[in-house]
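Since the structure comes first, as structure tokens, the remarks are kept for the end.
Please read all numbers here as calculations on a predicted model, not as lab measurements. Hydrogens, waters and symmetry mates play no part in the numbers below; they use all other heavy atoms, side chains included.
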Amino acid sequence: MIFSSKLILWYLQNKRDLPWRKTKNPYYVWLSEIILQQTRVAQGLDYYLKFIDAFPTVNHLANAEESTVLKLWQGLGYYSRARNLHFSAKYILNELNGEFPKTYKEIVKLKGVGDYTASAIASMCFNEPTAVVDGNVYRVLSRYFGIDTPINSSAGIKEFKALAQSLIDVSQPGTFNQAIMDFGAIQCKPKKPLCMFCPFADSCVAFQKNKIDLLPVKEKKLKIKNRYFNFLVIKTADDKTILKERKGKGIWQGLYQFPLLESDKSIDKNDLISSEMFNEMFPNEVSISLFNKKEVVHKLSHQHLHTQFWIIELNHQKDANIDWKAIENYPVPVLISNFLEEYLS
């Protein structure tokens, strides 16, 4: 087909030099795809290399402690990716005798692996003609074919998957998939795409109709929720503090944090010391200071965390059993990691 031939020719001349492109080891490709799900290549590359160094095989990852995996993941966000990665590694070791599944149908059963990741691994490592559809692919196909079906609608997901599948070069599916993703990342960029130097300029509907900036179409996002976090950073006379592991479901599950008082709005020192939680934790006099004079706003996909770090200094606190010298050994959310970097410097 002309489309796939043109695309692959472009790719062979312009492809990015990435380490996971030089292997057909499904563990390495899986790891790279999970890291890059919500992360730019420039940032993800360092993490990929660190993970490969720490866990050179899926068995090494399976045998690691979850806290070790989360600590290495720290800074990438969306920690459920790391937990699912670890869970699936243990599944491969214990249930599949350490053998990585070899077909799309089996790969997609791994926890945390969806259609896109399973398609990428199956095509790149096992030559199975399964088309990938990610943000880059949506953008390329919607512009080239002039499709305005919302890409985050159920109808759009089905339509674009079927279209990508119809275009794939079955003789080299892995190369085709990498080509269309790179084309979206390098050539058909979200903003200021390189249309004047595009091999598809003469047949691209969006370019011909001046609709580049209008495609792809997305349905309106969910309303952002604002939350107000107050972390109580305890420092005792013998240099101890409190860190608690977050239990239950949530994006920070398995990570550690300082005692947290969540309020329904920004609070000041008087609000803090009049709260029930504060009085239960600190019945005696303590020294209180606000570390960040300006609220830190940590933006997640569906919520904004307005955060204040309160430094609480006192002689003794019965639950303070973590030495400040050891605090960097604990996996924490990037919000707290950034605070610690500034506070300890």
Side-chain angles (χ1 to χ4, degrees), residues 1-8 11 33-34 36-40 78 80-81 84 103-124 128-170 173-193 195 198 200-225 251 299-303:
M1 186 176 285
I2 295 173
F3 180 87
S4 59
S5 299
K6 267 190 183 181
L7 185 67
I8 290 171
Y11 174 67
E33 292 298 339
I34 297 299
L36 296 176
Q37 277 178 2
Q38 302 284 348
T39 307
R40 291 175 292 104
Y78 298 93
S80 60
R81 292 183 291 165
N84 290 338
T103 66
Y104 171 89
K105 284 186 178 179
E106 293 302 314
I107 297 168
V108 81
K109 292 177 183 177
L110 297 177
K111 192 172 183 181
V113 170
D115 172 73
Y116 162 76
T117 303
S119 297
I121 298 168
S123 64
M124 295 174 199
E128 187 176 343
T130 51
V132 297
V133 183
D134 69 348
N136 289 317
V137 178
Y138 280 126
R139 187 164 57 257
V140 172
L141 296 182
S142 66
R143 286 174 173 172
Y144 181 76
F145 290 98
I147 301 170
D148 57 8
T149 310
I151 61 174
N152 56 343
S153 66
S154 55
I157 291 168
K158 290 177 184 176
E159 182 177 354
F160 282 100
K161 176 67 177 183
L163 178 57
Q165 194 64 44
S166 72
L167 296 169
I168 197 168
D169 186 332
V170 295
T175 301
F176 174 88
N177 280 337
Q178 291 176 93
I180 196 166
M181 288 189 288
D182 262 17
F183 190 81
I186 299 170
Q187 187 86 25
C188 195
K189 299 182 292 184
K191 294 180 180 178
K192 297 183 180 178
C195 298
C198 177
F200 295 106
D202 61 347
S203 51
C204 173
V205 173
F207 183 63
Q208 301 296 334
K209 295 186 176 181
N210 198 27
K211 294 176 69 176
I212 292 293
D213 293 336
L214 303 178
L215 296 172
V217 173
K218 260 189 176 183
E219 290 180 335
K220 287 184 178 179
K221 292 182 179 179
L222 294 172
K223 186 178 178 182
I224 298 293
K225 181 181 180 182
I251 57 169
K299 295 181 179 180
L300 303 173
S301 58
H302 58 294
Q303 55 187 335

Is Y116 close to E33 at the side-chain level, that is, under 4.5 Å between some pair of heavy atoms?
yes
Looking only at heavy atoms, what is the nearest atom pair of C188 and V140, with distance?
CB-CG2, 4.0 Å
Are S153 and E219 linked by a side-chain donor-acceptor pair shorter than 3.5 Å?
no
Can you tell me how far CD1 of I8 sits from CD of Q178, rounded to the nearest 0.5 angstrom?
10.5 Å
Is it the case that over 12 heavy atoms from other parts of the model lie below 6.0 angstrom from the NZ atom of K189?
yes
Quick one: does L7's side chain get under 4.5 Å of F183's, heavy atoms only?
yes
Go through the steps for F3 and S203 under the test side-chain contact (heavy atoms from CB on, under 4.5 Å), then give the verdict.
CA-CA 10 Å; F3 180 87; S203 51; over 6 Å; no
Starting at CD1 of I168, measure out to OG of S123 and round the result to the nearest 0.5 Å.
6.0 Å
Are there over 12 heavy-atom neighbours, none belonging to N152, within less than 6.0 Å of that residue's CG?
yes
Any side-chain donor-acceptor pair under 3.5 Å between T117 and Q37?
yes
Quick one: do F176 and Y11 satisfy ring pair (Phe, Tyr, Trp, His ring centres under 6.0 Å)? Show the steps, please.
CA-CA 9 Å; F176 174 88; Y11 174 67; over 10 Å; no
So do the side chains of I180 and N136 get within less than 4.5 Å of each other, counting heavy atoms only?
no
For N210, is the CG atom crowded, meaning more than 12 foreign heavy atoms sit under 6.0 Å from it?
no
Gap separating the OH atom of Y138 from the OG1 atom of T149, nearest 0.5 angstrom
11.0 Å
Salt bridge (charged side-chain N to carboxylate O under 4.0 Å, His left out) contacts touching residues 131-157 (sequence neighbours left out):
none
Does one side chain, of Y104 or D115, offer a donor that lies under 3.5 Å from an acceptor on the other?
yes
Here the gap from L300 atom CG to H302 atom NE2, rounded to the nearest 0.5 Å, amounts to 6.0 Å
Quick one: does V113's side chain get under 4.5 Å of N84's, heavy atoms only?
no
Calculate, to the nearest 0.5 Å, the distance between atoms CE and OG1 belonging to M124 and T130 respectively.
9.0 Å
Decide yes or no for F145 and V205: does some side-chain heavy atom of the first lie under 4.5 Å from some side-chain heavy atom of the second?
no
Side chains of L167 and S4 in contact at under 4.5 Å (non-hydrogen atoms)
no
What's the shortest heavy-atom distance between L215 and A206, and which atoms?
CD1-CB, 4.0 Å
If you take all heavy atoms of V133 and A164, which pair is closest and at what distance?
CG2-CB, 3.9 Å
So, K211 and S142: side-chain donor and acceptor under 3.5 Å apart, yes or no?
no
Looking only at heavy atoms, what is the nearest atom pair of P216 and I151, with distance?
CB-CG2, 3.7 Å
E128 side chain to A122 main-chain N or O, any donor-acceptor pair under 3.5 Å?
no
I need the minimum non-hydrogen distance between V170 and P129, along with the two atoms involved.
CG1-CB, 4.0 Å
Between Q165 and S119, is a side-chain contact (heavy atoms from CB on, under 4.5 Å) present by the stated rule, with each step listed?
CA-CA 10 Å; Q165 194 64 44; S119 297; over 6 Å; no
Looking only at heavy atoms, the pair that brings R81 and I34 closest together is NH1-O, 3.1 Å
Nearest-0.5 Å distance that lies between atom CD in E159 and atom CD1 in I147
5.0 Å
In this structure, is the centre-to-centre distance between the rings of F207 and Y144 below 6.0 Å?
no
